[in-house]
Amino acid sequence: MSKTTPVRAAGEVLTHRQTLTVMVGLMLGMFLSSLDQTIVSTSIYTIANDLDGLSLQAWATTAYLITSTVSTPLYGKLSDIFGRRPLYLAAIVIFLAGSLYAGSVHSMTELAIARGIQGMGAGGLLALALTIIGDIVALKDRAKYQGYFMSVFGISSVLGPVIGGAFAGTSTILGFDGWRWVFFINLPIGLAALAVVFLYLHLPARHVRQKIDYWGAAAITLAIVPLLLVAEQGRSWGFTSLNSFLCYGLGAIGIVWFLLAERRAGDYALIPLRLFTNITFGLSSLLNFIIGIGMFGAIAMLPMYLQLVKGLTPTEAGLMMITFTVGILFGSITAGRTISASGTFRIFPILGTAILTAAAVVMGLSLGVDTGLWVPGLIAVFFGMGLGFCMQPLTLAMQVSVPPKDMGVGTSSAAFFRSMGGAVGTAVFISMLFSLAADKIAEGMKSAVASPDYQAVLRDPAVAADPANAKLYDFFKNGANNESLNDTSWLHSANPVLTRPITEGFAQAIDAVMLTAAALTLLAFLISFALPNKKLTDPTAAPKESVSAH
């Protein structure tokens, strides 16, 4: 067999050309899933204003996050029972239906429902794409191919804010409001992915006679939905409010119920607990969760710094993050090619978490109001590289640490734990940023008011009469608190002398958040040394190897 002919798990052969064709369809699906996590972030303000639902805007993000996270392990398990192809095609169709609906809505409530439908499809696009590669590509080539997939994830994460900002900034495109194309753009890409997968992906038909773990699915929904709700809405509710405590309680009940349901379900469990007895699977799951918290929290902070402190628009901040894409491309492809050639993977999570920790420490110590833009640009390269070194090797390790019949569960679990970590990290760090910023800004204002020069500008009638400073003077009256910091659109058009304590307060708060993220990634670095130091072996090839050995 030639080197360019990968083998399927079922023993059939796909030519190199067929594999590449299928990969295009899978990558388009993955591109859609990860693009939609970020494309709405820069356009949601415009969308909410247009639909008269500014107070409901967070629910559009929350609905997508909840349904995509909850559905990820369901897709993994169901694909192990019914086969990958029908589940992947279903995921694309559901995602496209949600996108068409989202582009046609007339209220924020409708948009939240549409985003929930999109999320139900998106949950299968990322996890099943990597699982299918595990099915059709031999282990020696799989790391290389999956490295390209992780690059797609990184590129789409950065392109999302840029594309979203561009569409939202255009009044109409082909007769539709510009922001509606944030969702309509998915239709041609999704239809192309659907056509390629339908025509070229022909995996063996599979229907394993197995009970479906409905109780496990219900329990994981009860566990995750309240916790994701409080992660997303906690800042507006207050993390010690009655709503938040109700969510904590329901989440705790759901986790206990899930563990009991999975123990009782045994082999047909949604995420079989026996998988965690494998040290590689257990530690990789934990690392994915911790890295998700530290990493996605950090990725949220860099654009925050660029916009709040440096005054860049969301689109400009998105373009600045292209250096992050360079890092993730280098990290993913380097890790993939090295693992394909050597079979050793442990060094990459160790290196990756070390780079993420160093980048977070440098960011926490160096970013201020007057820092040159090249500094966050360079830091983003190393964040991307650390992420590329961690994500793909850990996904691969989880795939090969489970029996072939659990490949879907193994791959979807990697995405699930990383996604949960990301949701927790982003929510906790953004809440931490604004509560710290309120204190730092209040301190900065006290110091500034003691300065005669600052007082002179503050009392200058021309400055007070300038309309650009109207919201700044309102801010001075109300004081620095979470509510007054909700709208900072005026920050960089107001008088720079008067806003200096505010931008300095934000910079100091971001630094503190980044040092917290560094502590988490340092924990992941220490845990990564416990990963077994052995070569990855393909479970599907093991029987053949043992036969040839005898």
Side-chain angles (χ1 to χ4, degrees), residues 6 8-9 14 19-20 22-35 37 68-69 71-80 83-85 87-89 91-92 95 121-157 193 196-197 201 203 271 275 280-281 284-285 287-288 291-292 328 331-333 335-336 339-340 345 348-349 387-388 390-402 404 406-419 422 536 538-540:
R8 285 196 228 183
L14 274 183
T19 304
L20 290 178
V22 169
M23 270 191 67
V24 169
L26 298 176
M27 282 171 132
L28 286 171
M30 191 176 189
F31 180 77
L32 285 175
S33 164
S34 46
L35 183 76
Q37 290 177 11
S68 61
T69 306
S71 62
T72 296
L74 291 171
Y75 276 108
K77 186 63 181 181
L78 291 175
S79 75
D80 283 336
R84 320 281 183 230
R85 184 173 182 267
L87 266 294
Y88 196 73
L89 290 171
I92 297 174
F95 186 84
L125 294 177
L126 171 62
L128 290 183
L130 294 175
T131 310
I132 291 167
I133 286 298
D135 284 336
I136 65 174
V137 178
L139 180 64
K140 64 185 177 64
D141 296 318
R142 197 185 308 164
K144 183 171 61 182
Y145 283 113
Q146 287 185 353
Y148 299 136
F149 273 81
M150 289 304 174
S151 302
V152 169
F153 174 85
I155 291 165
S156 55
S157 299
V196 171
V197 172
L201 179 64
L203 293 167
I271 305 176
L275 298 181
T280 303
F281 185 89
S284 297
S285 300
L287 282 170
N288 268 311
I291 290 165
I328 204 169
S332 296
I333 293 169
I339 294 168
S340 286
F345 81 100
F348 287 105
L387 176 50
C390 289
M391 280 174 67
Q392 193 256 338
L394 288 173
T395 300
L396 194 66
M398 288 177 77
Q399 271 188 345
V400 300
S401 65
V402 299
D406 293 319
M407 171 84 83
V409 169
T411 312
S412 64
S413 295
F416 171 70
F417 285 112
R418 193 164 50 240
S419 171
L536 296 179
D538 195 340
T540 61

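Keep in mind that what you see is a predicted model, and the values were worked out from it rather than measured.
- Taking OG1 of Thr411 as the start and CG of Leu396 as the end, the distance is 9.0 Å to the nearest 0.5 Å.
- Counting heavy atoms from C-beta on, the side chains of Val400 and Phe345 never come closer than 4.5 Å.
- No side-chain heavy atom of Thr131 sits less than 4.5 Å from a side-chain heavy atom of Tyr88.
- Looking only at distances, a side-chain donor or acceptor of Thr72 sits under 3.5 Å from a matching main-chain atom of Ser68.
- Met398 CE to Phe417 CZ: the interatomic distance, rounded to the nearest 0.5 Å, is 6.5 Å.
- Each of Thr395, Ile271, Leu275 was scored for a side chain to side chain contact (heavy atoms under 4.5 Å, CB included) with Ser413, with one residue passing: Ile271.
- Looking at every heavy atom in both residues, Pro393 comes nearest to Ala335 through CG-CB, 4.0 Å.
- Between the CG atom of Leu125 and the CG atom of Leu28 there is a distance of 10.5 Å, given to the nearest 0.5 Å.
- Residues Ala193 and Gly25 approach most closely at CB-O, 3.6 Å, considering heavy atoms.
- Considering all non-hydrogen atoms of both residues, Asp80 and Gly408 come closest at OD1-N, 2.8 Å.
- How far CG of Leu130 is from CG of Asp135: 11.5 Å, rounded to the nearest 0.5 Å.
- For the pair Val22 and Val196, the tightest heavy-atom approach, listed with the atom from each and the gap, is CA-CG1, 4.4 Å.
- Formation of a donor-acceptor pair under 3.5 Å by the Arg84 side chain with backbone atoms of Ser79 is found in this model.
- The main-chain N or O of Leu394 is never found under 3.5 Å from a side-chain atom of Asn288 such that the two would form a donor-acceptor pair.
- When side chains are defined from C-beta on, Ile133 counts as touching Met23, because their heavy atoms get closer than 4.5 Å.
- Atoms CZ and CG, from Phe95 and Leu32 in turn, are 5.0 Å apart once rounded to the nearest 0.5 Å.
- Taking CD of Gln399 as the reference point, atom OG of Ser412 lies at 10.5 Å (rounded to 0.5 Å).
- Across all their heavy atoms, Ser71 and Gly123 have their closest contact at OG-CA, 3.4 Å.
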